[in-house]
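The chains referred to below are lettered A, B, ... by the order of the sequence lines, with proteins before strands, and numbering in each begins at 1. As a basis for the values below, the full set of heavy atoms in this structure was taken, side chains included, without hydrogen atoms, waters or symmetry mates.
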Amino acid sequence: MIPLSHFLIISACLFCIGLYAVLTKKNAIQILIGIEFMINAAVLNFVAFGRYDKENGGGQLFALFAIVLAAAGVAVALAIILNVYKHFKTIDPSKIDKLKD
Amino acid sequence: MEGLEFSGFVGIISLLVILLPLLSFLLILAGQKGRGADLALINISLTFILSVYLFSLLWNKQPFHYQIPWFLIGGIEFKAGILLNNLTVLMMILVSGISVLVHIYSRIYMKGDPNIHRYWAYLGLFCFSMLGLVISDNLLLIYLFWELVGFSSFLLIGFWFTRHAASQAAQKAFIMNRIGDIGFLLGIMIIFSQFQTLDISALFGDNGLMKESRISEGLWISGSRQIPEVWLSIAGIAFFMGAMAKSAQFPLHTWLPDAMEGPTSVSSLIHAATMVAAGVFLIARVYPVFDPFVLNIMVCIGAFTAFMAATIALTQNDIKRILAYSTISQLGFMVMALGIGAYSESIFHLATHAFFKCLLFLAAGSVIHQLHHYRDKLGLDFDCQDIRIMGGLRKGMPIAFIGMCLASAALIGLPLSSGYLSKDAILITAFEWAETRNGIFKILPYLLVLTSWLTAFYISRLVFKVFLAQPKLISREQTEQIKDAPNQMSYVLIILAFFCSFIAFSYNPASFESSWLWNGFSSASIQKVNIYHWLVPLILNIGSLGLLFTTYKIYVKSDGISIPDRNLLYRFSKREWYLNEIYSYLFTVPVEKFSRACYWFDRNFIDALVLKSASLVGVLSGITYWFDRTLVDGLVNATGTLAKWIGRFSRNFQTGKLQHYLITMLLVVLSFFILTYFI
Amino acid sequence: MLSLLIFLPLVAALLILVLPSRFQQQYKYITLGVSLIQFVLSLFIYLKFNSSSLAAGISKESQYQLVEKLPWIRLNLGNIGSLEIDYFLGIDGLSMPFLILSALVTFVATLASWEIKTKLKAYFSLFLLLNTAVIGVFCALDFFLFYIFYELMLLPLYFLIGIWGGIRREYAAIKFFLYTLFGSVFMLLVIIGLYFSVINPATGNHTFNMILMMDPANYSYGSIFSAIADKNLFGISARLLAFIVLFVAFAIKVPIVPLHTWLPDAHVEAPTPVSIILAGLLLKVGGYGIIRICYSIFPDAAMQSAWWIGLIGVVSILYGALNALAQTDLKRLIAYSSVSHMGFVLLGIASSTTEGVSGAMLQMISHGGLSAMLFFLVGMIYDRVHDREIANFRGLAEIMPQFTAFVIIAFFASLGLPGFSAFMAEAFSLIGAFTSEQVNGLLPRWMAVAASIGILLSAAYFLWTLQRMFFGQTRLKGGEEWLSKLSDVNTREKFALIPLAALALALGIFPSLLFDKMNASVLAFVQLISG
């Protein structure tokens, strides 16, 4: 039986990769992918912890819920990215610093 | 009633006596310049006539005293008044008489001086103050006139004020007299605080306060007032100091030789006959105040002055300077005489001296005057007062010569002269007095004899050099062109010459006791020793005649005897005992330096202290300002700066870049984790 | 009468202020007219003055003459009582002479003001204001009123020195101002202390009435300055401390050594008329204050400190004279001689004898006239060639004979030649000081002896100056140019100088002119202070 810690390590790795992508990439799409990575790391954790809730399957259920939400979020995010591109002619987040006062 | 009228009458006359000269002073200053000479002469002649009248009225009579209230201080009333006794009336005719002669003389002597009106005015002022001094009845008034006399002497010495030496001499005379005046003032203070009055007859009269006061247990007591005994002596010394300055006694005598810078007529009137006698007069007036200690000092100073001045006169070359020292020496005789109690002898000598010294000066003046004219006529250049260049003037100036000879005889004290009477009187009394003393006082009469011989030497040196000796600079023919002064001057000399003989003073040429003047005053009783009465004059005159002969040999015949003039004694005498140098070294220079030091102290210490304290306040305010700006204000600013600084720091986080925010969030979350882990 | 005397100049000052500037040449005539009227008025007062012992004044209000008393400020202060300040004027024998002196000195100073050429309007109105203040000080009998006049003097003086003065005028003005202010600020404290100590027996209120302050019975028991309670402040008796504070305040004006250094600077920088007023009147305010206030209100403390005051007097006499001897600037020399001469005032007052106090009073009057004369004479030279250095002049007697005659009169009068007022004054100050040991044991005799040396020194510096500047061959630094500028005395100047010389001469020959008028007051004063 594969111990829980293996899943958690993989999930942590996934999360870190995602985080790295989010923080460093110069392309909004890639950042979005990084976010997906992080969500999937969380989903993996759900599933892994679902082992301790076999009767209700709460882990799987939440995993599904999260995937649906992630899909919806990606859709919205992509739409935003498209609009951003339209507006700024770039999707490099470091160049879009209108949040600065 | 009659008495009252009489006193009013005498009072008015005596007032007139002193006010007439003042009137001429005022009128001349008010603009009567052209008529100055006549005005002055008329006024002084009137004064003289009135003085003679007063003299005839009051000589050997009851003293006349008249007072009016002057002012009131507290409960004490000061009175101004006139006191006429023998001494006063004698001085009055002496002063006014000699003044008249000098006035006449000056008309020629001062002729042509552009400021002559000032001269007459000053003479008027002098006569006013001198006569005022004589008739005043209280010490404050005497002091007033005393200084006025000094002031007019200042003006007259400095008459030719454009000459540096003259103004210097005037200044010196006034300041040296001031030293004496301070003594006088101190005396007045002591007398006043002891007796609450300054009235002379109340103080020193026969039953005066001075006689009433007594000394017990070291205290000098008068009525309710008392003061330590030493102040009696101090008072005596103080009054004597006043007299010392005015009568040019050692050590306050150095002004008199310098005062010869004034016109010669002035020297004869003021610095020979009258003003310098004021010191003697003062001593005579306040005589009861002197206790034996002070009298002894007076004797010593008088004798010493007489001797010292005579030694200096031996070697001087300025004709007037010799006479000045001779005056000092004779005044020493008078002071000494007063010190031994020979009151009447002293006054007697004062009177005779006034005439013969005046004559000496006026004769010298006419020599100077004629030489001056001669020099100006020929356009030569020499010092008209230097006896070395004179000589052989006898032929041309017989009147001056004879006058000078008679006066010199009186000065030496040769028989038949007035000086014989008065000077020998002093010497005889001195010997009699010394009988009862011991120690140094035994020697003093001999010192006086020696001084008399010195007198014979220096005055004959002067006469021989001027009139008889071989002329030095000018040829004999030229010398003979120098004639006697104009008549007006010569008449004055003749009149004065008369007063140098015994006739004016005594019917008996050999005995001073037969003199009316001597009898007018009473001396302290000194044991009479008959032997002195013929021995002293004899020895004196033999010595003097011997010296006269020697001098004649040295200066007229010039046969080989010469005076060594390089040795120490000669130089000591020539430089007037180095007293001027010593005074300058001891007093003038140190005072001047001290005053500079004071000023330096004032600038650099007291004022600097003020300025320092001011700058200290400045520094203090600087410090508070700094404190205010950096700390108080700084704190406020610091809060602001901190907020700004924090703001600027935190602004760094707001880059507007998504990923930066994310990193920040991550870091914050992480740091929370780390913190929770550690805490 | 007194109010008229005081406020006449003020009215004239207002008149000058409203008059347009094109009349500015007339300002000096207005001022001159005012001072003449004042002089006539004060002469009238002098002649009418009652000198009997029943009108002696000093500590008895009923004996003052020409009294004017009006309630001025009445303020109810609740339980402290009510504030009682009166407009209270009056004169006695010790203040009356100063009225004449003020009028005379002002008259001379006005004549000296002819040389002022700039800002005439400001100058003459300040000048008249000063005049008001000075006369006010001598008449005021209410301490508060006195203080107001006293401070009011400072203001015009500050501007007169600071605006019309010499090169270092600002420095001198500020120095003068701070010095005097220093004294008067502490004086204010004492005034307040006295106010709270003294009760007017008639109304039960605290009062500023000076005459009431002189009577120990009017001090409320336990108050700070009560003689009976004898409280201590900072370890010394409160009355002594108050006396010292007041004394210092007035002594700065006198001035005494070592508080004198404002005087030479102020004099040297001030324009001639202001120097005249300074020396002629301001210094006298100091002496007057010491007599009227310090001594009369705190006689016990005065007796305790007599020795020191006498010593200060002697030191001032000698030190001032020595400093004068070292001067090279004529005006500074005269300034220092003032220090020396005012020392006699202190010595005379310290002796607390009738002779001494009379001498001190006469000295103040005499010095008022003579120093005015001296400064006027210096001013004449300075106005002609703008130089005062002694060494730059020689033989002036030949080119300015009349001027020299006046200088000789002024110098000899100042150095105490008998026949002039200064002699009588100094002689009686000294006699008083000398007698003191016998009468009241306050001053040792050596003080009088030491002070008399000051007379010698004054002869030395005056004669030396005379000899250096006036005698000898004429030699001037400015050569021909100066020779043409140094014209002799003109009529206006004679008008100023002759009255002063006459005053000195009159008081010197007939001191009774002054002594008789103030004798009763002096006696009462000595009575008061020696208890």
Side-chain angles (χ1 to χ4, degrees), chain B residues 29 69-76 78 140-141 143-148 150-151 154-155 158 161-164 166-168 170-171 174-175 178-179 181-182 185-186 188-190 192-194 196 225-227 231 591-592 594-603 605-607 609-611 614, chain C residues 175 178-179 257-258 260-262 265 319 321-327 353-355 358 395 397-398 405 408 412 416-419 423 427-428 430-431 434-435 437-439 445 448-449 452-453 455-457 459-461 463-464 466-467 470-474 510-512 515-516 519 522-523 526:
Chain B
L29 284 194
W70 191 12
F71 59 90
L72 191 75
I73 281 194
I76 301 159
F78 281 79
L140 198 65
L141 265 182
Y143 186 85
L144 196 154
F145 287 115
W146 179 266
E147 279 220 27
L148 273 184
F151 174 62
F154 168 86
L155 291 174
F161 57 79
T162 47
R163 295 213 305 234
H164 180 69
S167 68
Q168 194 87 30
Q171 183 195 358
F174 195 86
I175 288 177
R178 215 68 220 289
I179 299 175
D181 295 347
I182 284 174
L185 191 61
L186 181 63
I188 291 180
M189 288 195 256
I190 296 171
F192 183 79
S193 80
Q194 182 73 341
Q196 284 104 58
R225 298 280 180 114
Q226 58 186 40
I227 192 168
W231 288 96
V591 165
E592 212 172 298
F594 186 60
S595 78
R596 294 240 171 80
C598 265
Y599 185 52
W600 180 88
F601 177 78
D602 200 57
R603 288 280 89 178
F605 198 81
I606 295 190
D607 200 32
L609 210 67
V610 173
L611 293 180
Chain C
K175 196 168 176 182
L178 289 182
Y179 244 117
V257 173
H260 65 282
T261 57
W262 63 270
D265 285 322
Y319 186 82
L322 281 168
N323 267 305
L325 203 53
Q327 297 311 313
T353 55
T354 44
E355 295 88 14
S358 303
E398 208 157 15
I408 288 180
F412 274 89
L417 186 76
F423 161 71
F428 278 101
L430 289 174
I431 286 176
F434 192 85
T435 327
E437 187 165 334
Q438 269 167 318
V439 177
R445 295 194 180 90
V449 179
S452 57
I453 295 174
I455 297 186
L456 174 67
L457 289 173
Y461 60 73
L463 288 192
W464 198 30
L466 206 57
Q467 194 225 329
F470 293 91
F471 296 156
Q473 293 288 351
T474 306
F510 305 108
S512 52
F515 283 160
D516 284 359
N519 201 29
V522 170
L523 276 174
V526 172

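- Of the listed residues (Phe428(C), Tyr179(C), Phe423(C)), the one with the most heavy-atom contacts under 4.5 Å to chain B is Phe428(C).
- Not counting sequence neighbours, the partners of Ser512(C) by the side-chain contact (heavy atoms from CB on, under 4.5 Å) test are Phe71(B), Phe510(C), Asp516(C).
- Contacts between Leu186(B) and chain C at a heavy-atom distance below 4.5 Å involve the side chain alone, from C-beta outward.
- In summary, the aromatic rings of Tyr599(B) and Tyr319(C) are positioned with their centroids too far apart to meet the 6.0 Å limit.
- Using a 4.5 Å cut-off between heavy atoms, Phe192(B) touches chain C through its side chain atoms alone.
- The side-chain contact (heavy atoms from CB on, under 4.5 Å) check on Phe605(B) picks up Phe601(B), with sequence neighbours excluded.
- Only the side chain of Leu185(B) comes within contact range of chain C, judged by heavy atoms closer than 4.5 Å.
- Annotation: side chain of Asn323(C) is not in contact with side chain of Arg603(B) (no heavy-atom distance under 4.5 Å).
- One distance of note links CG of Leu463(C) with CD of Gln168(B); it measures 11.0 Å at 0.5 Å rounding.
- Interface remark: Ile188(B) contributes side-chain atoms only to the contact with chain C (heavy atom separation under 4.5 Å).
- Both the backbone and the side chain of Ile606(B) come within less than 4.5 Å of a heavy atom in chain C.
- Taking the six-membered ring for Trp and the full ring otherwise, the centers of Phe412(C) and Phe154(B) sit less than 6.0 Å from each other.
- When all heavy atoms of Gln438(C) and Ile227(B) are compared, the closest pair comes out as NE2-CB, 3.6 Å.
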